[in-house]
Amino acid sequence: MICKLRQGDLAGAKALQAKFDPFDDEPVYYFANAAVAYEQSNEEDAKDWLRSAENIYRKDQLDIYLDAMIEVGWVDSL
């Protein structure tokens, strides 16, 4: 999804985003919404999505998604 966003394929990214919901066992729904917000330069909304994920999921569940956001430059290094 991040690749699609970075390539300017918002429609493709949103199609992937639609496959997730807030009841998934992993925080992908929250990170997908944060990614779209970051790519659209809406940093406050993105941070809200990340805070929501942090309030619901364990740190070990968040790490892989945070790593991807760090690699893209949306999130500062931990």
Side-chain angles (χ1 to χ4, degrees):
M1 185 178 163
I2 289 174
C3 290
K4 287 190 178 296
L5 286 170
R6 299 306 280 183
Q7 293 174 344
D9 183 6
L10 182 60
K14 288 203 172 252
L16 288 172
Q17 180 185 24
K19 294 181 179 192
F20 310 117
D21 69 52
F23 304 108
D24 290 334
D25 291 335
E26 293 291 325
V28 67
Y29 171 80
Y30 297 91
F31 279 86
N33 283 288
V36 170
Y38 274 124
E39 188 62 21
Q40 294 179 327
S41 300
N42 194 341
E43 191 170 331
E44 271 312 305
D45 279 354
K47 288 180 179 180
D48 286 343
W49 282 110
L50 296 180
R51 277 191 290 275
S52 293
E54 290 171 355
N55 289 328
I56 297 168
Y57 297 94
R58 297 183 323 267
K59 183 186 178 321
D60 65 308
Q61 291 177 289
L62 304 174
D63 287 345
I64 192 166
Y65 301 100
L66 283 172
D67 285 346
M69 297 252 173
I70 290 168
E71 290 294 323
V72 177
W74 290 330
V75 174
D76 291 331
S77 183
L78 300 175

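Keep in mind that the numbers below use all heavy atoms, side chains included, and drop hydrogens, waters and symmetry copies. Sequential numbering from 1 along the given sequence is applied to the chain's residues.
- Remark: Lys14 NZ to Lys19 NZ distance equals 15.5 Å, nearest 0.5 Å.
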Q | side chain to side chain contact (heavy atoms under 4.5 Å, CB included) evaluation trace for Met69 with Val72 | A | CA-CA 5 Å; Met69 297 252 173; Val72 177; 5.9 Å; no
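- Within 6.0 Å of CG in Leu10 there are more than 12 heavy atoms belonging to other residues, nucleotides or ligands.
- Using a 4.5 Å heavy-atom cutoff, the side chains of Ile56 and Tyr29 are not in contact.
- The only member of Asn33, Leu50, Ile2 that meets side-chain contact (heavy atoms from CB on, under 4.5 Å) when paired with Tyr38 is Leu50.
- What you find for Ala53 and Pro27 is that their closest heavy atoms are CB-CB, 4.3 Å.
- Between Leu5 and Glu39, the closest heavy-atom pair is O-OE2, 3.4 Å.
- Nearest heavy atoms, Phe20 versus Val28: CD2-CG1, 3.4 Å.
- Using a 4.5 Å cut-off on side-chain heavy atoms (C-beta onward), Glu26 and Tyr65 make contact.
- Other residues, nucleotides and ligands contribute more than 12 heavy atoms inside 6.0 Å of the CG atom of Asp21.
- Smallest separation of non-hydrogen atoms from Asp25 and Gln61: O-NE2, 3.0 Å.
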